[in-house]
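We use all heavy atoms of the structure for the numbers below, so side chains are in, but hydrogens, waters and symmetry mates are not. Everything numeric here is computed off the predicted structure, so don't read it as measured data. Below, chain A is the first sequence line, B the second, and so on; all start at residue 1.
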Amino acid sequence: MPQSTVATDICARLSEAIVGALGRAGIEGVQPVLDRPARPEHGDWATNVALVAAGRSGRKPRELADALAGDLRATLADHVAAVEVAGPGFVNFRLGPGWWAELLRQVVAQGTQGFARLDVLAGTRVDVEFVSANPTGPLHAGAGRWAAYGDSLCRVLERCGATVEREYFVNDRGGQVVRFGESLAARRRGDPVPEDGYQGDYVSAWAAEMPADADPVAWGCERAKRDIAETLDLLGVHFDRWSSEKALVDDGTVDDTLRELRERGAVYESEGALWLRSTDHGDSKDRVLVKSDGDLTYLLPDVAYHRDKFARGFDLLVDVWGADHHGYVARMQAAMQALGHDPAQLEVVLGQLVTLERDGQPVRLSKRTGDMLELRELLGAVGPDVARIVFLLQSIETHQTVDLDRITRQSSESPAFYVQYAHARIASLEREAARQQVARQPIGTCDLGVLVHEREAAVLRSLSELPDVVQAAAASRAPHQVCTWVRQLAQRFHAFYHDCPVLRHPDPAVVQARLWLVEATRVGLAIGLDLLGIHTPDLM
RNA sequence: GCCUCCGUAGCUCAACUGGACAGAGCGGGUGGCUUCUACCCACCAGGUUGCGGGUUCGACUCCUGCCGGGGGCACCA
């Protein structure tokens, strides 16, 4: 149930009127779809009902649209300035200035905390697991994409009312960490690392810190975990929970899981191994849980881990995985189904991998060979804001190419600066207003009807869209949509700032109205940047 | 071979889940500060949305066949 806002109010009013008009035109059962046209000349809202209903009623779209428009013009006279028919048969609505004033008052009244805060996910507990890189070394630069995405997704979900837990699964058990421990031990002795070990320079550095009596695997995992947490901290990403794979084995959770799978008849033995009947639940083949040598595969602890997450009472589990784990999705969902869970409650977001380039050459990201760029280095070069916006610029489901030279050498050209500059300009404007002793009068006493410039209208239009953008970004797990929106708002503000004097305007009424518009823009930028996890500087 | 994601301006990418003339940034060109921050604004150039069919009033979006690329098809993690 969306919270009532100026935007949802007008939407509801328009829908109601359209249904009424359709009824009077003898058309039933058409659900009106309301859209915000891309072009201002197409009005503030538009509906395609005439196009959809024309076929059904045997009338020409334009003709039906004209009839509907006439009806709507009469019914909506109080709220809408104009109803026009355009193109193949769209009905476009132009809102009156009173509506825009109402919106502006609402943004200002609700402020950074309240505006575009929704309750669509109220009462929903969501667990988001992301990054979860192996504790065998520092995070590489590409991991920044998962960190930025996951954290921003959580922020967007929270803005929609969800209770969110950020979780990191530490694979501190199994072949990789054993090899990592062996590499540490070898380096500490001064020996070369084993053939299949970790070659990176960090291994030598860490080995030098390692106490002689330490267990290399346990110590190494802790050391890596600490490094990872520190790096994520630099990016402003904080996890509520670090779950340990080893702990799940040690405390019997894995055994319990296996027992339950057995009881449910979901496993069988063959060739000395224990198999999960994942084909019963849509997987392409059955999967090994316990190898013939008695070792656990990676799958079993991970199944236990997801079972544990469900047991902690979440309504939805979101896993953010790299596309290289695609083949893993079906078996995990099959396992959850075998345990009696609704597979829809486990949602796997597959993110496409990042290619980092330097001098046009791809930068390799291998911990094993030690040939990699650390996330820490990237953050040292460009800072967290630039890093985050770079990773959030694009949809998680498209391949991303990041040119390191460009974002480091020319970080002042980053979109982060563009949007932050808009915020800094607003802060500067407010400082200048204070210096000139121009105070904002209570908004209720201001005549906001003077905001008629097209630059002003564009800013207001952006602001009116934010609640919808937040909801859509949450629903489609796409925080980059917030990024796109923030850039648009910043762009429209810069254009407004350029063309519309605020403090310099001779008419005090215009000065007041514009000051409020500027304040509303500040609110919008602050909300958007907060959802992206980017700072809002007052000075640049 | 099978599964999956992708292919949009010179480059990096958007495009409100099927809508109107496909939009931004960077790069290129031209102009704009005696001014509330020029890290900004405006204009120009740049496109057969990989290619061919199909569905639809309407397709970057859906279906299908090719072409090209990433990733995956373990008793690794």
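- RNA chain B is contacted by both A:Gly174 and A:Thr484; A:Thr484 maps to the nucleotide lying nearer its 5′ end (nearest heavy atom per residue).
- Rounded to the nearest Å, the gap between the C1' atom of B:C76 and that of B:G53 is 44 Å.
- Nucleotide B:G18 is matched to nothing when pairs are restricted to Watson-Crick or G-U wobble geometry with both distances under 3.5 angstrom.
- Checking B:C75, B:C39, B:C40 against every side-chain atom of A:Trp275, the shortest atom distance belongs to B:C75.
- Taking atom CZ of A:Arg431 as the reference point, atom C1' of B:C36 lies 11 Å away to the nearest angstrom.
- For the salt bridge (Lys or Arg N to Asp or Glu O under 4.0 Å) test, no residue two or more places apart in sequence or in another chain qualifies with A:Glu454.
- A salt bridge links A:Asp468 with A:Arg36: the distance from a Lys NZ or Arg NE/NH1/NH2 to an Asp or Glu carboxylate oxygen falls below 4.0 Å.
- Rounding to whole angstrom units, CH2 of residue A:Trp485 and C1' of B:G23 are separated by 18 Å.
- Considering only residues two or more places apart in sequence or on other chains, A:His494 meets the ring pair (Phe, Tyr, Trp, His ring centres under 6.0 Å) condition with A:Tyr418, A:Tyr421.
- A:His326 comes within 4.0 angstrom of a base, heavy atoms only.
- Rounded to whole Å, the distance from CG on A:Asp324 to C1' on B:A74 is 15 Å.
- Partner of A:Asp283 under the side chain to side chain donor-acceptor pair (under 3.5 Å) criterion, out of A:His281, A:Arg287, A:Lys285: A:Arg287 alone.
- For the P atom pair drawn from B:A15 and B:G7, the interatomic distance equals 11 Å after rounding to whole Å.
- In this structure, A:Arg159 contributes its side chain and A:Ala116 its backbone to a donor-acceptor pair below 3.5 Å.
- Using a cutoff of 4.0 Å between basic side-chain nitrogens and carboxylate oxygens, A:Asp319 and A:Lys309 are scored as salt-bridged.
- Listed by residue number, the members of residues 129-145 of chain A with any heavy atom below 4.0 angstrom from RNA chain B are A:Asn134.
- Nearest-nucleotide assignment on RNA chain B puts the 5′-proximal partner with A:Ser476, out of A:Ser476 and A:Val502.
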Below 3.5 Å, can you tabulate the donor-acceptor pairs from side chains in residues 498-511 of chain A to any protein atom, sequence neighbours excluded?
from: A:Asp499; atom 1: OD2; to: A:Arg455; atom 2: NE; distance (Å): 2.8
from: A:Asp499; atom 1: OD2; to: A:Arg455; atom 2: NH2; distance (Å): 3.1
from: A:His505; atom 1: ND1; to: A:Asp507; atom 2: N; distance (Å): 3.0
from: A:Asp507; atom 1: OD1; to: A:Ala509; atom 2: N; distance (Å): 2.9

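- In this structure, A:Arg331 atom CZ and B:C76 atom P are separated by 11 Å, rounded to whole Å.
- Residue contacts shown for A:Leu539 include a base, since a base heavy atom lies under 4.0 Å away.
- Under the Watson-Crick or G-U wobble criterion, with both distances below 3.5 Å, B:A24 is paired with B:U12.
- The side chain of A:Tyr418 places an N or O atom within less than 4.0 Å of a non-bridging phosphate oxygen (OP1 or OP2) of B:C41.
- Interface remark: the A:His325 side chain does not form any donor-acceptor pair with the B:G72 base, using a distance-only criterion of under 3.5 Å.
- Comparing B:C36, B:C75, B:A24 by their closest approach to the side chain of A:Val288 singles out B:C75.
- Every residue was checked against the salt bridge (Lys or Arg N to Asp or Glu O under 4.0 Å) condition with A:Arg492, not counting sequence neighbours, and none meets it.
- Within the shown strands, nothing qualifies as a pairing partner of B:U56 under the Watson-Crick or G-U definition with both distances less than 3.5 Å.
- Residues forming a ring pair (Phe, Tyr, Trp, His ring centres under 6.0 Å) with A:Tyr149 (at least two apart in sequence, or on another chain): none.
- When heavy atoms are screened at a 4.0 angstrom cut-off, A:Thr297 is found touching the sugar-phosphate backbone but no base atom.
- Partners of A:Phe496 according to the ring pair (Phe, Tyr, Trp, His ring centres under 6.0 Å) rule, which considers only residues two or more places apart in sequence or in another chain, are A:Phe493.
- Base-pair partner of B:C66: B:G50 (Watson-Crick or G-U wobble, both distances under 3.5 Å).
- Within a 6.0 Å radius of NZ in A:Lys60, no more than 12 heavy atoms belonging to other residues, nucleotides or ligands are found.
- In this structure, A:Arg440 satisfies the cation-pi test against A:Trp516, with its NZ or CZ atom closer than 6.0 Å to the six-membered ring centre and inside 45 degrees of the ring normal.
- Not counting sequence neighbours, the partners of A:Asp308 by the salt bridge (Lys or Arg N to Asp or Glu O under 4.0 Å) test are A:Arg312.
- Counting to the nearest Å, the P atom of B:C39 and the CD atom of A:Gln491 are 17 Å from each other.
- A salt bridge does not link A:Glu182 to A:Arg179: none of the charged nitrogens lies less than 4.0 Å from a carboxylate oxygen.
- In this structure, the nucleotide among B:G72, B:U37, B:A42 sitting nearest to the side chain of A:Ala495 is B:A42.
- Using N1 to N3 plus N6-O4 or O6-N4 for Watson-Crick, or N1-O2 and O6-N3 for G-U wobble, each under 3.5 Å, B:U37 pairs with nothing.
- Across every strand in view, B:C2 sits in a pair with B:G72 that passes the Watson-Crick or G-U test at under 3.5 angstrom.
- With its glycosidic angle within 90° of 0, B:C21 is assigned syn.
- When the side-chain nitrogen and oxygen atoms of A:Arg455 are compared with OP1 and OP2 of B:C41, none of them lie within a distance under 4.0 Å.
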Give each protein N/O atom lying under 3.5 Å from an N/O atom of nucleotides 47-49 of chain B, with the pair distance.
none

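- B:U49 and B:C67: their C1' atoms are spaced 16 Å apart (whole Å).
- Because its glycosidic torsion is more than 90° from 0, B:U34 is reported here as anti.
- Counting non-hydrogen atoms under 4.0 angstrom, A:Cys483 reaches nothing in the nucleic acid.
- Only the P atoms considered, B:A9 is 8 Å distant from B:G50, to the nearest whole Å.
- One atom, CG of A:Leu300, and another, C1' of B:A74, lie 16 Å apart when rounded to the nearest Å.
- Listed by chain and number, the residues in a ring pair (Phe, Tyr, Trp, His ring centres under 6.0 Å) with A:Trp321 are A:Tyr328 (sequence neighbours excluded).
- Remark: the backbone N or O of A:Ser462 is paired with a side-chain donor or acceptor of A:Trp485 at under 3.5 angstrom.
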What does the list of N/O pairs under 3.5 Å between the protein and nucleotides 19-22 of chain B look like, with a distance for each?
from: B:G19; atom 1: N7; to: A:Asn48; atom 2: ND2; distance (Å): 3.0
from: B:G19; atom 1: O6; to: A:Asn48; atom 2: ND2; distance (Å): 3.4
from: B:A20; atom 1: N6; to: A:Asn92; atom 2: OD1; distance (Å): 2.7
from: B:A20; atom 1: N1; to: A:Asn92; atom 2: OD1; distance (Å): 3.0
from: B:A20; atom 1: N1; to: A:Asn92; atom 2: ND2; distance (Å): 3.0
from: B:C21; atom 1: O2'; to: A:Arg39; atom 2: NH2; distance (Å): 2.5

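- Comparing the same atom, P, in B:C41 and in B:G46 gives a spacing of 23 Å after rounding to whole Å.
- What separates NE2 of A:His480 from C1' of B:G23 is a distance of 14 Å, to the nearest Å.
- The side chain of A:Lys285 contributes no N or O atom lying less than 4.0 Å from OP1 or OP2 of B:C2.
- Centroid-to-centroid, the aromatic rings of A:Tyr168 and A:Trp242 come within less than 6.0 Å.
- Rounded to a whole Å, the CZ atom of A:Arg492 is 17 Å from the C1' atom of B:A42.
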With sugar-phosphate taken as primed atoms, P, OP1 and OP2 and all else as base, the protein-contact string of nucleotides 5-13 of chain B at under 4.0 Å (heavy atoms; B, S, -) is BS-----SS
